[in-house]
2 protein chains.
Amino acid sequence: MVQLGRHFGGGPASLSEIAAAEDMPRAYLEQLAFVLRDAGLVTSTRGAHGGYELARAPEAIHMSEVLRALEGPLAPMICATEDDAHDACARTSNCTVNLLWVRVRDAVAGALEGVTLADLVPQRVVPVHGRTTEPTPQGALTNS
Amino acid sequence: MVQLGRHFGGGPASLSEIAAAEDMPRAYLEQLAFVLRDAGLVTSTRGAHGGYELARAPEAIHMSEVLRALEGPLAPMICATEDDAHDACARTSNCTVNLLWVRVRDAVAGALEGVTLADLVPQRVVPVHGRTTEPTPQGALTNS
DNA sequence: CTCAATCCCAAGTGATCTTGTCGGGATTGA
DNA sequence: TCAATCCCGACAAGATCACTTGGGATTGAG
């Protein structure tokens, strides 16, 4: 799913393109794209030559956002949701394990926060003038 | 599930007791208990007054072990399993997201490693003579 | 010895989640 | 107008999770 992100970084792309490149069903990608759009991570242009585009530079998109958008609030367990309405679990009072989950959750959040989309874009050799696969239009892709 | 662990720390307990205390179905607890036993985390004594007991002191049992035993190798995604037979995902070659999952996995493992069963046992007031809530048994919980 | 309490174990069930599929719109550039 | 594209809701197969069923085997107490 997040494979989507990889493909961005270049211009706007239609779902059909992406579907072909990732060989995933187009209809499924649509679903994900809507969610990402609602989350403000991608922008869409409709009509004949429409498609999706990143809303921000890849370096500015933390994977935590993407994951939260796609999979909901990242809680390893109910009773450790991020918006602390944490009386979801009836056992809450006598359940000390909560502490564990919260810690795990924070660890995950931290790891996710530390990775941006840019980190996951495979380096398509920056164009000196060879132009092999993909131009890399604007200043993305600086770090590993 | 892991609630089991909480109840140990005292003497050996029969499943019926634990089931009553946690109000969970006894039969289900059995399943979990077997797994924990196979993993060497608890020992069992059969027969009339049998029951389960921790195999080690609570401070010596990392939650990572418990979780691994109960839920299998902790991989946030297939393609990031712990035993690095990591060509489970057909897309592996062109999939850079793997890096992300590995990082998340390590973060989780770290968090789990840093918490022992003792940290999750609600303090049944250790007999010194004052202490109400949290005696912190021995040098656990030093870091955040 | 007998019996009940307990652990041992495999297989099955039902709800929920994940991963998609389908079908039909709405919007836009050519 | 027409085709390409996004938009959206509802459905379905498969896996997974939490739990149940139905039997054993082992042991201490009477």
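Note on naming: letters A, B, ... go to the chains in the order of the sequence lines (proteins, then strands), and numbering restarts at 1 for each one.
Remark: C1' of C:dC7 and CD1 of B:I18 are 12 Å apart, rounded to the nearest angstrom. In this entry the distance linking CD of A:E71 with C1' of C:dT18 reads 9 Å, nearest Å. If you take CG of A:D23 and C1' of C:dT19, they are 15 Å apart, rounded to a whole angstrom. Taking atom CZ of A:F34 as the reference point, atom P of C:dG25 lies 16 Å away to the nearest angstrom. Taking atom CD of residue B:E17 and atom P of nucleotide C:dT6, one finds them 8 Å apart after rounding to whole Å. Between the C1' atom of D:dA18 and the CG atom of B:L29 lies a distance of 11 Å, rounded to the nearest Å. Residue A:L32 contributes atom CG, which lies 10 Å from atom C1' of C:dG20 at whole-angstrom precision. Rounding to whole angstrom units, CG of residue B:L36 and P of C:dC8 are separated by 12 Å.
One end of the helix from C:dC1-D:dG30 to C:dA30-D:dT1 points its axis 0° away from the other end's axis, with each axis taken from 5 pairs and the angle rounded to 10°.
Counting only heavy atoms from C-beta on, B:A48 has its side chain closest to D:dT27 among C:dT21, D:dT27, D:dC6. Distances from the side chain of A:A27 to the nucleotides D:dC6, C:dC22, C:dC7 place C:dC22 closest. Proximity note for A:S14 (side chain, C-beta onward) versus D:dT20, C:dC8, D:dT5: the nearest is D:dT5. Here C:dT27 is the nucleotide among C:dC8, D:dC8, C:dT27 with the atom lying nearest to any side-chain atom of A:R46. Of all nucleotides listed (C:dG20, D:dC7, D:dT20), C:dG20 comes nearest to the side chain of A:Y28. For B:L15, the side-chain atoms get nearest to C:dC7 when compared with the rest of D:dC6, C:dC7, C:dC9.
Between A:G47 and A:P25, the one whose closest nucleotide on DNA chain C sits nearer the 5' end is A:P25.
Using a 4.0 Å cut-off, some side-chain N or O of A:S44 falls inside it from OP1 or OP2 of D:dC7. The phosphate of C:dC8 (OP1 or OP2) has a side-chain N or O of B:Y52 nearer than 4.0 angstrom. In this structure, A:R37 does not reach the D:dC6 phosphate: none of its side-chain N or O atoms is under 4.0 Å from OP1 or OP2.
One hydrophobic cluster, built from ILVMFWY side chains closer than 4.5 Å, cannot hold both A:V102 and A:L100; they sit in different ones.
Screening residues 24-36 of chain B for side chain to side chain donor-acceptor pair (under 3.5 Å), with sequence neighbours left out, gives B:R26-B:E30.
Within the 3.5 Å criterion, the main-chain N or O of A:T116 finds a donor-acceptor partner in the side chain of A:D119.
Taking both residues in full, the closest heavy atoms of B:L15 and B:A33 are given as CD2-CB, 4.4 Å, listed atom of the first, atom of the second, then distance. Across B:A69 and B:V35, no two heavy atoms sit closer than the pair O-CG1, 3.2 Å. When all heavy atoms are compared, the tightest approach of A:G40 to A:A55 is O-CB, 3.5 Å.
Side-chain contact annotation: A:S64 with A:E113, donor-acceptor N/O pair under 3.5 Å present.
Checked by distance alone, A:Q31 brings a side-chain donor or acceptor within 3.5 Å of a matching partner on the base of C:dT21. Evaluation of atom-type donor-acceptor distances gives a pair under 3.5 Å for the side chain of A:E30 against the base of D:dC7.
Remark: B:S44 pairs with no residue by the side-chain hydrogen bond (donor to acceptor under 3.5 Å, both in side chains) rule, at least two apart or across chains.
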